[in-house]
S.K.: 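Once you've had a glance at the structure underneath, I'll fire off some questions.
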There are 2 protein chains.
Amino acid sequence: MIDILSVIDHSDPRARRREAKRAQILAAAWTLAHRDGLAGISLRDLASMVELRQPSLYAYFDSKHALYDVMFEDGNRALVERAKALPPNANARAGVVDFARMLLDFCNEDGVRYVLMFQRHIPGFEPSPASYAIAIEFYEIGRQRLAAAGVTEQADMDLFTTLIAGIADQQMSNDPGGDRYLGLTDRIVAMFFAEMDKTHTGMKATKRKAAR
Amino acid sequence: MIDILSVIDHSDPRARRREAKRAQILAAAWTLAHRDGLAGISLRDLASMVELRQPSLYAYFDSKHALYDVMFEDGNRALVERAKALPPNANARAGVVDFARMLLDFCNEDGVRYVLMFQRHIPGFEPSPASYAIAIEFYEIGRQRLAAAGVTEQADMDLFTTLIAGIADQQMSNDPGGDRYLGLTDRIVAMFFAEMDKTHTGMKATKRKAAR
DNA sequence: GTCTATACATCGATAGAC
DNA sequence: GTCTATCGATGTATAGAC
């Protein structure tokens, strides 16, 4: 796992202190985002929460967008960690279900984080290449889980992401924190694999059985 | 169709002039939203586009949120109109496909309108009961199309809306204006009806055939 | 690094004259 | 209804002391 701490000299108390403050600011930013919305974060409020004056924040972040970028990275790092901690499943298709459930639970845990990571409606904000790389890392893990279940074609992967995105979107929009649409996950993934069986009949039976 | 103009006295030139100005402001608001994003609408820019000073806008809208509400209503009115203009289809399932395509085309036409109507990420904005009623009217038309195809259970309707929401969400987020995910529509609706056939085997064969 | 102080442009919103 | 003038707040940024 890429770890931002790995590039910090822990033997230097100044560097440790600086990183602790940075983490404190990040935590406060999430708290403010939950209270006032992502766009509603005020740098003056944020500074006061961590016992700083507003201009001092610029010693840690170049701009508000840079703060969003760190939050985006933070969220993706947490998601990658969650994905890597997901135990492997001898049944590859069941492994895809595990993966889908993990992702959807993660989204449902924190609507603000979901919006930042997956909807990204903050005007003008684009993640930096560095933080976007973490998002790609997560995508890669999902790709491997699908490949293990025999799903490798782009159109099929698009189909899968579309189905999962629908669950997340409806759950977040219409029943945030609940489980009205999350409950459809197993059914929808089963529909997906039924479709795979139907469209890939040319696939070798042994390979298809192994993927199942 | 509910028509806002129906409550306006057209014989009164003052009322006519006022409503014309209101419509002019609404049109300018959409133009600005396309240029600067929904949250980026500036009341000063908006006022200057319709030859007014910024405070004068408050004679037409109580607040910026009230403007969003009128835009929300405007979008839903257009969607209901589109849905009502959709020709009936003798094949009920094909009628559902028609409906899905119509909705997805409508979303894809205007990403800003889509965000306002279906994602509603504007901090603090909630549609008024009056404008929300138009959204319900559209939902009702969709419900009838599904019912004609034999889909009446809430869980099945949730499944359908989830699938369509996924298409719209992915299309808007990852290929706005294109058709990468729209192209999955027929496949996904077919998957939906295959699932209906599978889960409702207790249904009378004649009724199922008729619904198809 | 952190502070005080200040500056600028922009925003939504309001008061009050006409 | 429309205006001018103004308010308080925002994000952003800089200068300069310590």
S.K.: Among residues at least two apart in sequence or on other chains, which ones pass side-chain hydrogen bond (donor to acceptor under 3.5 Å, both in side chains) with B/R187?
M.R.: A/D156, A/E195

S.K.: Might you list the N or O atoms of the protein lying below 3.5 Å from N or O atoms in nucleotides 11-13 of chain C, with each pair's distance?
M.R.:
from, atom 1, to, atom 2, distance (Å)
C/dC11, OP1, B/S42, OG, 3.3
C/dC11, OP2, B/S42, OG, 3.4
C/dG12, OP1, B/I41, O, 2.9
C/dG12, OP1, B/K64, NZ, 2.7
C/dG12, OP2, B/L43, N, 3.0
C/dG12, N7, B/R44, NH1, 3.1
C/dG12, O6, B/R44, NH2, 3.0
C/dA13, OP2, B/Y58, OH, 2.7
C/dA13, OP2, B/K64, N, 3.0
C/dA13, O5', B/Y58, OH, 3.1
C/dA13, N7, B/Q54, NE2, 2.5
C/dA13, N6, B/Q54, OE1, 2.8

S.K.: Classify the nucleic acid contact of A/F61 as base, sugar-phosphate or nothing, counting any heavy atom under 4.0 Å across all strands shown.
M.R.: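 A/F61: no heavy atom of the nucleic acid under 4.0 Å.
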
S.K.: Would you please name every residue forming a side-chain hydrogen bond (donor to acceptor under 3.5 Å, both in side chains) with A/Y114, sequence neighbours left out?
M.R.: A/Q119

S.K.: Between which nucleotides of DNA chain D, read 5' to 3', does contact with chain B run, using atoms under 4.0 Å from its heavy atoms?
M.R.: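 Footprint of chain B along DNA chain D, 5' to 3': D/dG1 to D/dA5.
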
S.K.: For residues 167-185 of chain A, please give each side-chain donor-acceptor pair under 3.5 Å, one per line with the distance, not counting sequence neighbours.
M.R.:
from, atom 1, to, atom 2, distance (Å)
A/Q170, OE1, A/N174, ND2, 3.3
A/Q170, NE2, B/T161, OG1, 3.2
A/Q171, OE1, A/R180, N, 3.4
A/Q171, OE1, A/Y181, N, 2.8
A/Q171, OE1, A/L182, N, 2.9
A/Q171, NE2, A/D175, O, 2.4
A/Q171, NE2, A/D175, OD2, 3.2
A/Q171, NE2, A/G178, O, 3.3
A/S173, OG, A/D169, O, 2.9
A/D175, OD2, A/D179, N, 3.1
A/D175, OD2, A/R180, N, 2.9
A/R180, NE, B/D158, OD2, 2.8
A/R180, NH2, B/D158, OD1, 2.8
A/R180, NH2, B/D158, OD2, 3.4
A/T185, OG1, A/L182, O, 2.5

S.K.: Find out whether A/D98 and A/M102 are in side-chain contact, i.e. whether some heavy atom of one side chain is under 4.5 Å from a heavy atom of the other.
M.R.: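 When only atoms from C-beta onward are counted, A/M102 and A/D98 do not touch, as no gap falls below 4.5 Å.
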
S.K.: Under the 6.0 Å and 45° cation-pi test, does B/R18 pair with B/Y60?
M.R.: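 Yes; both conditions hold, so B/R18 lies above the ring face of B/Y60.
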
S.K.: Could you list the residues that satisfy salt bridge (charged side-chain N to carboxylate O under 4.0 Å, His left out) with A/R82, not counting sequence neighbours?
M.R.: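 Testing A/R82 for salt bridge (charged side-chain N to carboxylate O under 4.0 Å, His left out), a comparison that skips the adjacent residues, returns A/E109.
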
S.K.: Less than 4.5 Å apart, side chain to side chain, heavy atoms only: is that true for A/K21 and A/Q24?
M.R.: yes

S.K.: Step by step, work out the side-chain hydrogen bond (donor to acceptor under 3.5 Å, both in side chains) result for A/D110 and A/W30.
M.R.: CA-CA 10 Å; A/D110 189 333; A/W30 282 116; over 6 Å; no

